[in-house]
Amino acid sequence: MKSFILRTAAALCAAVMCACGRRSDGSVTPPDGSLDSCTIRFSWWGGDDRHEATLKAIELWNTIHPEIEIVPEYGGWDGWSEKTAAQISGGTEPDLMQINYDWLVTMSPDGKGFYDLDELRDSLDLSGFDEDVLSLGRVSGHLNGAVVSMTGRGLFYNSATYRSLGAEYPATWDELTALGDKFRENDKYPLDLDIQSGGTAWYLAAVYVQQLTGREFISVDGRLGFTKDDMRTALDFYKRLEDEHIIRKVSERSGEDGNAALYQSPEFISGRIAGLCEWGSSVGKYEQVLPDGELVSGEFLSSGGNNSGWMVKPSMLYAVSAHTEHPDEAAAFMDFLLNNSECAEILGTTRGIPASQKAYDSLAASGRLTGLAIENDTKLYSMDTLPVSPYMELPRVKEFCNSAIESVSYGNCDTSEAAEQLYDSITEYLEKIRK
């Protein structure tokens with residue numbers, strides 16, 4: 001785990017990418033070490049569980065600091081990255097933001113796209129963070145973000161559906177594909193993988209190939225590790241999942257769900273779709289739409305006892321706008337979100353297992369570190385994991401991967417043709433953005 005963190009941090013510091021447009025005045029309000037009456041805008045994305053908990057946390061803050069009003073801005077993930085990029089380009093971003101991992105290099109390639117948190121230590125206590133984890137938020141020596149939690153995607157299953165069919169949760173790739181006939185007979189599916197912004201379809205296929213070959217899809221410094229043959233193997237694996245009735249075809253998923261996220265799908269809520277691949281930090285929104293205890297954490301699939309190839313990353317970070325007029329107050333509210341024990345009890349694991357030792361200890365002392373998120377992460381961190389490259393998180397890379405999967409699913413081209421197009425597209429794009 002530690003070697004992953006150091007490698008990722010070094011790559012982020014060295015990364016050079018095209019930046020989103022910024023305001024041209026370049027002004028930065030210096031901290032003065034005092035908290036004044038003001039209004040702070042705070043933005044985040046997530047599911048209803050995260051929204052509800054965060055709004056309650058803001059209510060608690062208001063009892064402590066009624067002079068500093070927090071204006072919440074929140075929504076679902078789809079379109080959130082584009083919205084935030086447009087705000088930053090126009091100079092209208094919130095004072096405090098929940099940011100995604102890849103935004104550090106897309107929105108702050110020189111480390112100046114967000115406020116340097118090292119300048120705000122009078123209001124922000126980061127002593128409870130492991131320095132290696134904290135370094136993940138640094139770009140070119142500037143601490144642009146504080147890691148909220150670390151996470152990885154895991155597999156989760158609807159226990160009621162599996163139990164009704166007498167099906168066992170899979171532990172290997174072969175056991176997964178063997179479930180198809182039983183579920184087909186009952187017009188159900190053991191798993192679902194989307195090709196929307198989450199990109200779980202390609203993610204699972206990439207894990208399969210990484211485990212098979214020992215090669216990384218994309219390295220943390222933005223270099224493609226898969227060959228064309230690896231791309232074809234990944235697409236062959238995906239097509240096999242469709243053909244053997246493990247997942248829905250793209251056309252079926254689109255026809256039944258439209259653009260709705262899986263946790264909003266009647267097919268998932270009813271139990272017809274009985275499994276998903278999701279970040280541990282985000283699984284709460286799926287739990288919330290099912291009866292209590294119905295969703296369970298599965299094993300990380302392996303081949304011949306080898307369960308390598310699975311990946312971890314910062315689930316999200318908090319960052320302060322480089323142009324906020326209230327840096328001390330924004331930092332103080334960030335400190336509250338990260339370290340306050342009462343706040344930790346309210347937020348729980350809606351953003352994953354806290355990276356802040358203070359918040360972690362608070363939840364551990366009250367017995368709150370239970371449930372799917374902690375089960376998933378405990379299993380994950382016991383394995384030989386790989387880092388999720390921030391380049392793999394880029395929307396354009398996801399678009400290339402999702403387009404390849406869609407073309408294979410619809411039969412527009414075979415896996416060899418799709419793999420060649422995918423390889424060429426990603427190679428060209430990575431070379432362009434590294435210049």
Side-chain angles (χ1 to χ4, degrees), residues 12 15-29 38-47 50-51 54-55 58 69-117 137 139-140 142 144-146 148 194-199 222 259-261 282 313-327 329-330 333-334 337 351 390-403 429-430 432-435:
L12 278 176
V16 177
M17 297 178 64
C18 297
C20 297
R22 298 291 306 177
R23 285 187 291 187
S24 60
D25 58 17
S27 60
V28 177
T29 302
C38 65
T39 297
I40 297 294
R41 292 165 58 211
F42 171 46
S43 66
W44 73 91
W45 73 87
R50 186 179 298 168
H51 299 332
T54 307
L55 292 172
I58 291 174
E69 179 186 3
I70 307 299
V71 177
E73 301 177 11
Y74 57 94
W77 169 251
D78 285 347
W80 196 260
S81 179
E82 294 80 3
K83 173 185 175 180
T84 304
Q87 287 178 324
I88 289 176
S89 178
T92 61
E93 71 269 30
D95 301 275
L96 179 64
M97 294 167 279
Q98 175 183 295
I99 68 169
N100 209 32
Y101 179 37
D102 64 298
W103 296 2
L104 291 174
V105 288
T106 58
M107 300 183 190
S108 185
D110 59 357
K112 298 180 181 179
F114 300 108
Y115 212 106
D116 188 345
L117 300 182
V139 181
S140 299
H142 301 279
N144 276 192
V148 177
D194 74 68
I195 63 164
Q196 296 171 332
S197 60
N259 293 322
S282 299
K313 68 162 189 171
S315 58
M316 63 201 74
L317 306 93
Y318 288 139
V320 173
S321 164
H323 302 98
T324 181
E325 296 180 355
H326 309 289
E329 293 78 11
F333 182 58
M334 184 193 296
L337 292 172
R351 286 180 171 83
Y391 294 81
M392 183 177 176
E393 298 273 276
L394 295 173
R396 199 76 176 110
V397 171
K398 289 183 179 180
E399 181 182 322
F400 293 141
C401 297
N402 291 343
S403 293
Y429 182 64
L430 292 179
K432 176 181 177 181
I433 62 178
R434 286 201 315 268
K435 290 181 179 179

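Values reported hereafter were calculated over all heavy atoms of this structure, with side chains retained and with hydrogens, waters and symmetry mates removed. Treat the numbers as computed from the prediction; the structure is a model and nothing was measured.
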Chemist: Inspect the surroundings of CD in Glu82 and state if more than 12 heavy atoms from other residues, nucleotides or ligands are less than 6.0 Å away.
Modeler: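 Yes - once you tally the heavy atoms of other residues, nucleotides and ligands closer than 6.0 Å, there are more than 12.
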
Chemist: Do the rings of Trp103 and Trp77 sit parallel, tilted or perpendicular, given the 30° and 60° boundaries?
Modeler: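 Because their plane-to-plane angle is under 30°, the rings of Trp103 and Trp77 count as parallel.
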
Chemist: Is there a donor-acceptor pair closer than 3.5 Å between any side-chain N or O of Asn144 and the backbone N or O of Gly111?
Modeler: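 Yes, Asn144 side chain to Gly111 backbone: donor-acceptor pair under 3.5 Å.
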
Chemist: When rounded to the nearest 0.5 angstrom, what distance separates NE2 in His323 from OG1 in Thr29?
Modeler: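 The distance works out to 9.5 Å.
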
Chemist: Can you tell me how far apart OG (Ser81) and CE (Met107) are? Round to the nearest 0.5 Å.
Modeler: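 One gets 4.5 Å once the value is rounded to the nearest 0.5 Å.
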
Chemist: On a heavy-atom basis, which atom in His51 and which in Trp45 lie closest, and how many Å separate them?
Modeler: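 So the minimum-distance heavy-atom pair works out to CE1-C, 4.1 Å.
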
Chemist: Nearest heavy-atom pair of Ser321 and Pro94: which atoms, and what distance?
Modeler: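 In this case the closest contact between Ser321 and Pro94 is CB-O, 3.3 Å.
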
Chemist: Taking only residues two or more places apart in sequence or in another chain, which ones pass salt bridge (charged side-chain N to carboxylate O under 4.0 Å, His left out) with Arg50?
Modeler: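 If we apply the salt bridge (charged side-chain N to carboxylate O under 4.0 Å, His left out) test to Arg50, skipping adjacent residues, there are no hits.
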
Chemist: Using the test salt bridge (charged side-chain N to carboxylate O under 4.0 Å, His left out), find all partners of Glu399 that sit at least two apart in sequence or belong to another chain.
Modeler: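 Glu399 satisfies salt bridge (charged side-chain N to carboxylate O under 4.0 Å, His left out) with Arg396 once adjacent residues are dropped.
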
Chemist: Can you name the residues that form a side chain to side chain contact (heavy atoms under 4.5 Å, CB included) with Pro395, not counting sequence neighbours?
Modeler: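 In terms of side chain to side chain contact (heavy atoms under 4.5 Å, CB included), with neighbours along the sequence ignored, Pro395 is linked to Asp102.
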
Chemist: Rounded to the nearest 0.5 Å, what's the gap from CD1 on Ile99 to OG1 on Thr106? Could you check?
Modeler: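 Spacing of CD1 (Ile99) from OG1 (Thr106) equals 9.0 Å.
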
Chemist: Among Val320, Leu96, Asp95, which one satisfies side chain to side chain contact (heavy atoms under 4.5 Å, CB included) with Tyr115?
Modeler: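 For Tyr115, the side chain to side chain contact (heavy atoms under 4.5 Å, CB included) check succeeds only for Val320.
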
Chemist: Yes or no on side-chain contact (heavy atoms from CB on, under 4.5 Å) for Asp78 and Asn259, after CA distance, side-chain angles and deciding distance?
Modeler: CA-CA 10 Å; Asp78 285 347; Asn259 293 322; over 6 Å; no

Chemist: Nearest heavy-atom pair of Val105 and Pro390: which atoms, and what distance?
Modeler: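 Closest approach of Val105 to Pro390, heavy atoms only: CG2-CB, 4.3 Å.
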
Chemist: Specify the closest pair of heavy atoms between Lys112 and Ala322, including all atoms of both residues, with the distance to one decimal.
Modeler: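 For Lys112 versus Ala322, the nearest heavy atoms are O-CB, 3.9 Å.
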
Chemist: Checking side-chain hydrogen bond (donor to acceptor under 3.5 Å, both in side chains) against Arg41, which of His326, Glu69, Glu73, Glu93 comes through?
Modeler: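 With Arg41 as partner, His326, Glu69, Glu73, Glu93 yield a single side-chain hydrogen bond (donor to acceptor under 3.5 Å, both in side chains), made by Glu73.
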
Chemist: For Met97, is there any backbone N or O sitting under 3.5 Å from a side-chain donor or acceptor partner on Ser43?
Modeler: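 Here the side-chain-to-backbone pair does not exist.
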
Chemist: Anything under 30° is parallel, anything over 60° is perpendicular, the rest tilted; go ahead and classify Tyr74 against Trp44.
Modeler: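 Rings of Tyr74 and Trp44: parallel, under 30°.
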
Chemist: So how far is it from Glu325 CD to Thr39 OG1, rounded to the nearest 0.5 Å?
Modeler: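 These two atoms lie 11.5 Å from each other.
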
Chemist: Would Tyr318 and Phe42 count as a side-chain contact (heavy atoms from CB on, under 4.5 Å) if you check the C-alpha gap in whole Å, the side-chain angles of each, and the deciding distance to 0.1 Å?
Modeler: CA-CA 10 Å; Tyr318 288 139; Phe42 171 46; 4.0 Å; yes

Chemist: For Pro109 versus Ser140, what's the shortest heavy-atom pair and its separation?
Modeler: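 Reported closest heavy-atom pair: O-OG, 3.9 Å.
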
Chemist: Which is it for Glu393 and Asn100 under the side-chain contact (heavy atoms from CB on, under 4.5 Å) test, yes or no, and what are the steps along the way?
Modeler: CA-CA 9 Å; Glu393 298 273 276; Asn100 209 32; 3.9 Å; yes

Chemist: What are the two closest heavy atoms between Pro72 and Ile58, and how far apart are they?
Modeler: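 Taking every non-hydrogen atom into account, CB-CD1, 3.9 Å.
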
Chemist: Would you say the side-chain atoms of Arg351 pair up with the backbone N or O of Gly46, donor to acceptor, closer than 3.5 Å?
Modeler: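 The answer is no, because no donor-acceptor pair under 3.5 Å joins these two groups.
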
